[in-house]
Amino acid sequence: MKSAVETLNPTRVRLTVEVPFEELKDSLDAAYKKINQQVTVKGFRKGKIPARVIDQRFGRGAVLEEAVNDALPKFYTEAVNEAEVNPLGQPEVDITELKDGELLAFTAEVDIRPTIEIPDYSGIEVTVDAVEVTDEDVEKSVEQLRERFASTKTVERAAADGDVVTIDLEAKVDGEVLPDGVAGDVSYTIGSGELLDGIDEAVKGLEAGGEATFTSQLKGGSAEGKDAEVTVKVTAVAARELPELDDEFAQLASEFDTLDELKADSRKRLENMKQFDQATQAQERVLDELLKLVEVPMPEKLLEDEINTRKHNLEHHQLGQMGLDLAKYLEIQGKTEEEFLAETKEQAEKGIKTQFILDELVNKEKLDVSREELTEHLFRRAASSGMSPDQFAQAVAQQGQVPMLVGEVARGKALAVVVEAAKVVDTNGEVVDLSDDEDEVETAAEAVEAVAGEAEVSEDK
């Protein structure tokens, strides 16, 4: 076999391959054997039909086509290895010559991983939010916990903000009650915004037995988007009663004996959360600065595929679960389709660029992923997917996605290296030291995943 490579642009090559016919022998034998198992010819046992009879009855062309289809991946892989290129995705193959008994010639155009030069990144500087927990933050946290332990008590008075009312609803459009427009014994907290627009104003001031009618645009159901005349009847009013903020509440709501201990724990948890947010912010901003430093040629076919993947996943997975289509989503977002596609392209480019740069850093810094690091990452991914670690690991193995997980951890380690080399200060001018962050690689991996999204740049040989 002879092959040559032609660089079409920094991200695409054309391989020209010539294969002497004798090198097709194994594939030809396999083609005859396969056809033998699929056809019957009178006078011959199945699987024992001579090659000359298959040629006569079914045509030599059918055999050649089967043999070439079998052989192409092998010769393409040999040409890729000989050319020392890193292909991305599947090639576009064109058979330029096929002479029976003489020669097979073909070309294969394919996107390749571009050559990237990583400059000195030690001069990167970013500013992040300071970790500050105020007394007000602590009081708000404790108040939210208090809300969770609230009880309700039926009252004989008009409903007011914060009350829990039991209501019956009936919706009409053009004077007709909708088939799915009647609901009874619905529990609703006034001011929560969980039901129809206008319902708060309608029920406030009503006592048990009172009713009101208002107009509201329906958010779902058979008449979604239409204005409906809604009649609401209050059948019960209950006031929410909050427990006293004292040591007894602390013992009820936590493992602590005193309210002061509960507040101290709340402050510590808030500090930990803000430190995690600060670390994530630092990683995202360092990554943005790194992306500005590096020129990355963009493979057009890879970019097109990534845009289509993101658009497909949004339409058929995320929006589908919410009962929306793309047109409705764009209407809610206040965007045109052109704006949406431009944003999707920008996000796809950033995701691909991020992977290229961090993968190059993994090679440059000779970063390896340990079994412990991969296991920890698997546990976190399993938790976020709602699956048990065993279920998630089995699914990953079955779908051949272990290399993808390894890549995620490796890129996280690469970003962590850059973050450690960068200067990070908070809004108070204080230097932020992230070197003691035990979860640095994991948070970095999550930061990369947030940018890269669905993009998974794979090499196919």
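All residue numbers in this chain count up from 1 along the given sequence. Not measured: the values here are computed from a predicted model.
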Student: So do the side chains of Glu241 and Thr152 get within less than 4.5 Å of each other, counting heavy atoms only?
Tutor: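 Answer no - side chains too far apart.
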Student: Should the heavy atoms of other residues, nucleotides or ligands under 6.0 Å from CD of Glu346 be counted, would the total exceed 12?
Tutor: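 Count not over threshold, so no.
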Student: Taking Asp70 for the side chain and Ala30 for the main chain, is one N or O donor matched with an acceptor at less than 3.5 Å?
Tutor: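 No, the answer is negative, given that no donor and acceptor are paired below the 3.5 Å cut-off.
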Student: Without hydrogens or angle criteria, can the side chains of Asp227 and Thr215 be said to hold a donor-acceptor pair below 3.5 Å?
Tutor: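 Asp227 vs Thr215: no donor-acceptor pair found between side chains.
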Student: Taking atom types as modelled, is there a side-chain donor on Asp129 or Gln281 under 3.5 Å from an acceptor on the other?
Tutor: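 The answer is yes; a qualifying pair exists.
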Student: Does the pair Arg113 and Glu360 meet the rule for a salt bridge (charged side-chain N to carboxylate O under 4.0 Å, His left out), with working shown?
Tutor: CA-CA 10 Å; Arg113 186 179 286 268; Glu360 184 62 30; over 6 Å; no
Student: Rounded at 0.5 Å granularity, tell me how far CG in Asp100 sits from CG in Leu28.
Tutor: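 Going from the CG atom of Asp100 to the CG atom of Leu28 covers 8.0 Å.
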Student: Should Arg240 and Asp161 be marked as a salt bridge (charged side-chain N to carboxylate O under 4.0 Å, His left out) after you check the CA-CA gap, both sets of side-chain angles, and the distance that decides it?
Tutor: CA-CA 10 Å; Arg240 298 177 75 248; Asp161 268 328; over 6 Å; no
Student: Okay, side chain of Ser254, backbone of Phe256: is any donor-acceptor separation there less than 3.5 Å?
Tutor: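 Present.
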Student: Would you give the length of the straight line joining atom CD1 of Ile112 to atom CG of Leu302, rounded to the nearest 0.5 angstrom?
Tutor: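 Between atom CD1 of Ile112 and atom CG of Leu302 there are 12.0 Å.
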Student: For a 4.5 angstrom cut-off between non-hydrogen side-chain atoms, does Leu72 reach Val93?
Tutor: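 When only atoms from C-beta onward are counted, Val93 and Leu72 do touch, with a gap below 4.5 Å.
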Student: Is it the case that more than 12 heavy atoms not belonging to Glu22 sit under 6.0 Å from its CD atom?
Tutor: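 Check passes, neighbour count above 12.
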Student: With a 6.0 Å cut-off (strictly less than), is the heavy-atom count around NZ of Lys204, excluding the residue itself, greater than 12?
Tutor: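 Above 12, so yes.
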Student: Please round to the nearest 0.5 Å and tell me the distance separating atom CG of Leu367 and atom NZ of Lys413.
Tutor: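 Output value for this atom pair is 6.0 Å.
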Student: One pair to check against side-chain contact (heavy atoms from CB on, under 4.5 Å): Val417 and Tyr121. What are the steps and the verdict?
Tutor: CA-CA 10 Å; Val417 168; Tyr121 47 78; 3.6 Å; yes
Student: Provide the closest heavy-atom pair for Ala31 versus Ala67 in the form atom of the first, atom of the second, distance.
Tutor: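 Here Ala31 and Ala67 meet closest at CB-N, 3.9 Å.
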Student: Nearest 0.5 Å please: distance from the CD atom of Glu109 over to the CG atom of Asp94.
Tutor: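 One finds 9.0 Å between CD of Glu109 and CG of Asp94.
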Student: Determine whether more than 12 heavy atoms belonging to other residues, nucleotides or ligands lie under 6.0 Å from atom CD of Glu300.
Tutor: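 Atom CD in Glu300 is not packed in, count stays at 12 or less.
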Student: Under the criterion salt bridge (Lys or Arg N to Asp or Glu O under 4.0 Å), which of Lys33, Arg60, Lys34 is the partner of Glu66?
Tutor: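 So the option named by the test is Lys34.
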Student: As an exercise, state the distance from CD1 of Ile357 to CG of Leu415, rounded to the nearest 0.5 Å.
Tutor: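 The CG atom of Leu415 is 11.0 Å from CD1 of Ile357, to the nearest 0.5 Å.
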Student: Determine, stepwise, if the pair Thr189 / Glu194 fulfils side-chain contact (heavy atoms from CB on, under 4.5 Å).
Tutor: CA-CA 8 Å; Thr189 301; Glu194 294 173 352; 5.7 Å; no
Student: Is the backbone N or O of Glu65 less than 3.5 Å from a side-chain atom of Asn69, with the two atoms forming a donor-acceptor pair by type?
Tutor: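 Confirmed, Asn69 side chain pairs with Glu65 backbone.
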Student: Given salt bridge (charged side-chain N to carboxylate O under 4.0 Å, His left out), test Lys140 with Glu143 step by step and report yes or no.
Tutor: CA-CA 5 Å; Lys140 183 178 178 181; Glu143 189 63 28; over 6 Å; no
Student: Looking at Asp305 and Lys301, is there a salt bridge between them, counting it only when a charged N and a carboxylate O are closer than 4.0 Å?
Tutor: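 Looking at Lys301 and Asp305, the cut-off is met.
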Student: Give a yes or no answer on whether the side chain of Lys353 reaches the backbone of Val294 with a donor-acceptor pair at less than 3.5 Å.
Tutor: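 Answer holds: yes.
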Student: Using the rule given for salt bridge (charged side-chain N to carboxylate O under 4.0 Å, His left out), can you reason through Arg310 versus Glu306, listing the C-alpha separation, both sets of side-chain angles and the distance that settles it, and then say yes or no?
Tutor: CA-CA 6 Å; Arg310 288 174 180 253; Glu306 177 60 18; 2.7 Å; yes
Student: Would you name the heavy atoms of Thr427 and Ala130 that are closest together and state the gap between them?
Tutor: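 Closest pair (atom of Thr427, atom of Ala130, distance): OG1-N, 3.3 Å.
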Student: Answer yes or no: is there a side-chain heavy-atom contact under 4.5 Å between Leu195 and Val186?
Tutor: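 SC-SC contact between Leu195 and Val186 confirmed.
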Student: Between the side chain of Glu373 and the main-chain N/O of Ser370, is any donor-acceptor distance below 3.5 Å?
Tutor: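 Such a contact is found between Glu373 side chain and Ser370 backbone.
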Student: Is it the case that over 12 heavy atoms from other parts of the model lie below 6.0 angstrom from the CD atom of Gln144?
Tutor: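 Buried by this count: over 12 neighbours within 6.0 Å.
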Student: Is it the case that over 12 heavy atoms from other parts of the model lie below 6.0 angstrom from the NZ atom of Lys364?
Tutor: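 Yes.
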Student: Is it true that Asp277 and Thr280 share a donor-acceptor pair across their side chains at a distance under 3.5 Å?
Tutor: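 Asp277 and Thr280 do not have a side-chain donor-acceptor pair below 3.5 Å.
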Student: Do Tyr76 and Asn81 meet the criterion of a side-chain donor-acceptor pair at a distance under 3.5 Å?
Tutor: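 No pair is found: no donor N or O on one side chain lies under 3.5 Å from an acceptor on the other.
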Student: Counting distance only, does the side-chain N/O of Glu365 pair as donor-acceptor with the main-chain N or O of Leu361 below 3.5 Å?
Tutor: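 Pair absent, no side-chain N/O of Glu365 close to backbone of Leu361.
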Student: Determine, for Lys99 against Glu97, whether the closest basic-nitrogen to carboxylate-oxygen distance falls under 4.0 angstrom.
Tutor: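 So Lys99 pairs with Glu97 through a salt bridge.
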Student: Thr258 and Asp260: side chain to side chain donor-acceptor pair (under 3.5 Å), yes or no, with the steps?
Tutor: CA-CA 5 Å; Thr258 68; Asp260 286 343; 5.4 Å; no
Student: The test is side-chain contact (heavy atoms from CB on, under 4.5 Å); show your working for Tyr188 and Leu196 and say whether it passes.
Tutor: CA-CA 11 Å; Tyr188 175 67; Leu196 300 166; over 6 Å; no
Student: Mind checking what makes side chain to side chain contact (heavy atoms under 4.5 Å, CB included) contact with Ser266, not counting sequence neighbours?
Tutor: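 Partners of Ser266 by the side chain to side chain contact (heavy atoms under 4.5 Å, CB included) criterion, ordered by chain and then number, come out as Val138, Ser141, Val142, Leu262, Arg269.
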Student: Under 4.5 Å between any side-chain heavy atoms of Phe392 and Phe379, yes or no?
Tutor: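 Counting from C-beta outward, Phe392 and Phe379 never come under 4.5 Å.
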Student: Would you list the pairs meeting side chain to side chain donor-acceptor pair (under 3.5 Å) in which at least one residue belongs to residues 382-392, sequence neighbours left out?
Tutor: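 Only Ser388-Gln391 qualify under side chain to side chain donor-acceptor pair (under 3.5 Å).
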Student: Of the non-hydrogen atoms in Phe149 and Pro243, which two are nearest, and what is the gap between them?
Tutor: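 Taking Phe149 first and Pro243 second, the nearest heavy atoms are O-CD, 3.8 Å.
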Student: I'd like to check Val17 versus Met1 (side-chain heavy atoms, cut-off strictly below 4.5 Å). Are they in contact?
Tutor: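 When only atoms from C-beta onward are counted, Met1 and Val17 do touch, with a gap below 4.5 Å.
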Student: So, does Glu339 use its side chain to make a donor-acceptor pair with the main chain of Thr336 at under 3.5 Å?
Tutor: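 Yes, the answer is positive, given that a donor and an acceptor are paired below the 3.5 Å cut-off.
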Student: Would you say CD of Glu224 has more than 12 non-hydrogen atoms from neighbouring residues, nucleotides or ligands within 6.0 angstrom?
Tutor: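 Enclosed.
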Student: How close do Thr11 and Pro297 get, counting heavy atoms only, and between which atoms?
Tutor: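 Shortest heavy-atom contact: CG2-CB, 3.5 Å.
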Student: Are the side chains of Arg12 and Glu92 in contact, using a 4.5 Å heavy-atom criterion?
Tutor: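 Answer yes - side chains close enough.
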Student: Which atom names give the shortest non-hydrogen contact between Asp200 and Gly191, and what distance separates them?
Tutor: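 Here Asp200 and Gly191 meet closest at OD1-N, 3.2 Å.
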Student: Would you compute the distance between atom CD1 of Ile307 and atom CG of Leu341 and round it to the nearest 0.5 angstrom?
Tutor: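 With rounding to 0.5 Å, CD1 (Ile307) is 8.0 Å from CG (Leu341).
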Student: Are there more than 12 heavy atoms of other residues, nucleotides or ligands under 6.0 Å from atom CD of Gln275?
Tutor: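 Yes.
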Student: State, with a plain yes or no, whether a side-chain heavy atom of Asp135 is found less than 4.5 Å away from one of Arg267.
Tutor: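 Contact flag for Asp135/Arg267 side chains = yes.
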Student: Under a 4.5 Å cut-off applied to non-hydrogen side-chain atoms, are Val13 and Asp111 in contact?
Tutor: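 Answer no - side chains too far apart.
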Student: What verdict does the side-chain contact (heavy atoms from CB on, under 4.5 Å) test give for Ile332 and Lys328, after you've listed the backbone C-alpha separation in whole Å, the side-chain angles of each residue and the deciding distance to 0.1 Å?
Tutor: CA-CA 6 Å; Ile332 294 170; Lys328 187 67 176 176; 4.2 Å; yes
